[in-house]
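First comes the structure, then the notes that go with it.
Letters A, B, ... are given to chains in the order of the sequence lines, protein chains preceding strands, and every chain is numbered from 1.
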Amino acid sequence: MSGHSEEEIRATIRRYIMVGTTLFVLTVVTVAISYLQLPTVPAIVLALAVAVTKGALVALVFMHLIDEKQLIYTVLGLTVAGFFMVMWIPNGWDRGIIEVDSVYSHLPKEQLGGEHLDEHADTHGGEEDHGEAH
Amino acid sequence: MSMEIRYIEEAHPETGLNNSKLGIWLFLASEVMLFGALFSSYIILRVGSADWPRGAEILSIPMATFNTFALIASSVTMVMSWASLKLNDFGKFRLYMGLTILLAFLFLVVKYFEYTAKFSHGLYPSTNTFLAIYFTITGLHGIHILAGIIVNGYLWGPGSTLWTTKPEMFTNRVEAAGLYWHFVDLVWIFLFPVLYLL
């Protein structure tokens with residue numbers, strides 16, 4: 001945004017106000033959606049779709065990503081890749097690809113609080129695998 | 001002997017960016033990973049939990065909605081303060097930056113009332129997993145708001161003397177502070193529906 005004329009800056013200010021107004025409206029939409037009492041999946045999809053739209057407006061217009069240098073896009077590309085890896089962890093965890101005991105297995109049982117977990121498993125029927133994981 | 005940091009005002013010939021801007025973007029990249037890890041933890045905890053409360057049952061939607069409006073408004077005033085410097089209007093810069101700081105304080109005041117309301121009802125981070133992750137993420141976000149107030153306060157007050165000697169450098173500093181502030185707003189835009197509405 002450097003080296004722009006006064007007229008261009010004034011046009012940018014008008015765009016900021018427009019985007020700000022849109023963000024206010026989308027916030028109202030987000031809250032309204034929550035009052036619709038939709039089933040979980042459509043509610044999550046709709047709420048996140050509105051949040052992504054709002055986030056994109058902030059990033060593109062307020063943070064000037066719509067008109068930025070290649071290096072910034074490269075940095076952000078790597079960040080997004082890292083972010084999706086972090087977001088993938090719950091999926092890997094759920095499918096047993098990432099296991100807690102494989103991370104902590106080198107520690108002695110008492111350090112893991114295994115005895116306490118065993119007691120917990122006994123209290124709750126013992127058939128659950130809380131204790132076995134350690 | 002004075003030591004000068006190069007390419008703070010003008011763009012580096014290799015990158016096409018001044019170093020402050022590249023630096024703040026690299027910092028923001030690390031921030032994305034920090035909050036990303038917490039969002040990921042939230043998903044693990046929520047999916048792995050047999051019972052998870054709806055945020056609206058425990059948290060105050062009106063307070064959070066008000067805070068969302070306050071943060072969006074502060075993002076607008078922040079970007080207007082930078083644009084005012086681009087138009088060589090220092091008076092308007094002070095006005096918009098002052099408003100940004102006030103709105104940030106307002107956010108924290110509302111957050112204070114929100115937290116104390118929870119504590120008065122015996123709801124603490126140790127009460128359940130939902131409250132643990134709620135206090136962790138919103139607490140970390142609150143610390144970021146506080147950091148933004150300190151930086152913006154410096155630029156509004158003592159740091160603004162740089163405008164008279166090196167206006168381009170000062171404008172770049174305000175832009176870097178603005179990028180951080182918009183990121184803090186961006187995080188809240190996702191926190192609000194995830195914690196309060198779903």
Side-chain angles (χ1 to χ4, degrees), chain A residues 1-2 4 6 8-10 12-13 15-17 19-24 26-28 30-31 33-35 40 43-44 46-48 50-59 61-65 68-72 75-76 78-80 82-91 93-94 98, chain B residues 11 14-18 21-22 25-26 28-30 32-33 35-37 39-44 46-48 54-56 61-62 64-65 68-69 72-73 75-80 82-84 86-88 168 171-172 175 178-179 181-183 185-187 189-190 192-194 196-198:
Chain A
M1 288 299 291
S2 57
H4 286 63
E6 188 176 324
E8 282 173 317
I9 297 290
R10 290 197 188 282
T12 310
I13 289 173
R15 192 193 294 165
Y16 291 151
I17 293 168
V19 168
T21 311
T22 309
L23 290 171
F24 282 128
L26 287 176
T27 301
V28 174
T30 310
V31 178
I33 289 169
S34 76
Y35 283 105
T40 310
I44 290 174
L46 263 178
L48 288 184
V50 177
V52 166
T53 309
K54 287 168 73 181
L57 282 172
V58 170
V61 180
F62 288 170
M63 297 173 90
H64 308 148
L65 275 182
E68 204 39 275
K69 295 282 185 294
Q70 182 59 44
L71 184 61
I72 300 291
V75 169
L76 282 178
L78 288 169
T79 310
V80 168
F83 180 78
F84 278 110
M85 275 176 69
V86 170
M87 286 296 126
W88 174 82
I89 289 173
N91 181 43
W93 189 297
D94 199 38
I98 301 166
Chain B
E14 299 260 333
T15 61
L17 294 160
N18 62 64
K21 198 172 191 177
L22 181 59
W25 272 112
L26 287 171
L28 292 182
S30 73
V32 169
M33 296 310 291
F35 280 100
F39 272 112
S40 181
S41 306
Y42 168 86
I43 296 168
I44 288 175
R46 181 162 186 168
V47 171
R54 274 191 76 227
I61 303 286
T65 307
T68 307
F69 284 130
I72 291 171
S75 253
V76 175
T77 53
M78 184 79 206
V79 87
M80 294 292 275
W82 170 81
S84 301
K86 284 284 184 188
L87 292 170
N88 286 315
E168 188 67 30
T171 308
N172 289 346
E175 186 180 16
L179 287 171
W181 192 251
H182 300 313
F183 174 78
D185 182 24
L186 195 62
V187 170
I189 282 173
F190 284 94
F192 176 52
V194 167
Y196 289 82
L197 304 178
L198 295 176

### Query
Which atoms of B/Leu179 come close to chain A, meaning under 4.5 Å heavy atom to heavy atom: side chain ones, backbone ones, both, or neither?
both

### Summary
Most contact-rich option vs chain B, by heavy-atom pairs under 4.5 angstrom, among A/Ile17, A/Leu78, A/Thr27, is A/Thr27

#### Entry: Region of A/Val52 that comes under 4.5 Å of a non-hydrogen atom in chain B
both

### Task
Could you have a look at B/Ile44, B/Leu28, B/Leu26, B/Leu22 and say which one has the most heavy-atom pairs with chain A under 4.5 angstrom?
B/Ile44

#### Entry: Pick from B/Thr15, B/Leu17, B/Thr68 with the largest number of heavy-atom pairs that fall under 4.5 Å of chain A
B/Leu17

### Query
A/Thr79 and B/Met33: which non-hydrogen atoms are nearest, and at how many Å?
O-SD, 4.0 Å

### Message
Using a 4.5 angstrom heavy-atom cutoff, name the option from A/Val58, A/Val28, A/Ile72, A/Val50 with the most pairs to chain B.
### Response
A/Ile72

### Query
For A/Tyr35, is it the side chain, the backbone, both or neither that has a heavy atom under 4.5 Å from a heavy atom of chain B?
side chain

### Max heavy-atom pair count under 4.5 Å with chain A, selected residue of B/Ile72, B/Leu186, B/Val187, B/Ile43
B/Ile72

### Task
Against chain A, label B/Leu197 side chain, backbone, both or neither, depending on which of its atoms sit under 4.5 Å from a heavy atom there.
both

### Contact class of B/Ala64 relative to chain A, heavy atoms under 4.5 angstrom
neither

### Task
Return the minimal non-hydrogen interatomic distance between A/Phe83 and B/Gly36, and the atom names on each side.
CE1-CA, 3.5 Å

### Query
Given a strict heavy-atom distance threshold of 4.5 Å, which part of A/Leu23 is in contact with chain B: side chain, backbone, both, or neither?
both

### Query
Where on A/Leu76 is there a heavy atom nearer than 4.5 Å to chain B: the side chain, the backbone, both, or neither?
side chain

### Task
Taking all heavy atoms of A/Gly55 and all of B/Ile189, pick out the closest pair and write down the distance.
N-CG2, 4.1 Å

### Query
Would one find more than 12 heavy atoms of other residues, nucleotides or ligands at under 6.0 Å from atom CE of A/Met87?
yes

### Query
Of the backbone (N, CA, C, O) and the side chain (C-beta and beyond), which part of B/Phe192 lies under 4.5 Å from a heavy atom of chain A, both, or neither?
side chain

### Working for side chain to side chain contact (heavy atoms under 4.5 Å, CB included), residues A/Leu65 and B/His182
CA-CA 12 Å; A/Leu65 275 182; B/His182 300 313; over 6 Å; no

### Ion pair check, A/Glu68 and B/Lys21, cut-off under 4.0 Å
yes

## Note on the structure
Highest number of heavy-atom pairs under 4.5 Å with chain A among B/Ser40, B/Ser75, B/Ala83, B/Ala73 belongs to B/Ser40

### Message
So which atom in A/His64 and which in B/Val79 form the shortest heavy-atom distance, rounded to 0.1 Å?
### Response
NE2-CG2, 4.4 Å

### Task
Can you tell which part of A/Leu46 gets under 4.5 Å to a heavy atom of chain B, answering side chain, backbone, both or neither?
neither

### Message
Just so I understand: if I count every heavy-atom pair under 4.5 Å between each of B/Thr65, B/Leu87, B/Val47, B/Asp185 and chain A, which residue has the most?
### Response
B/Leu87

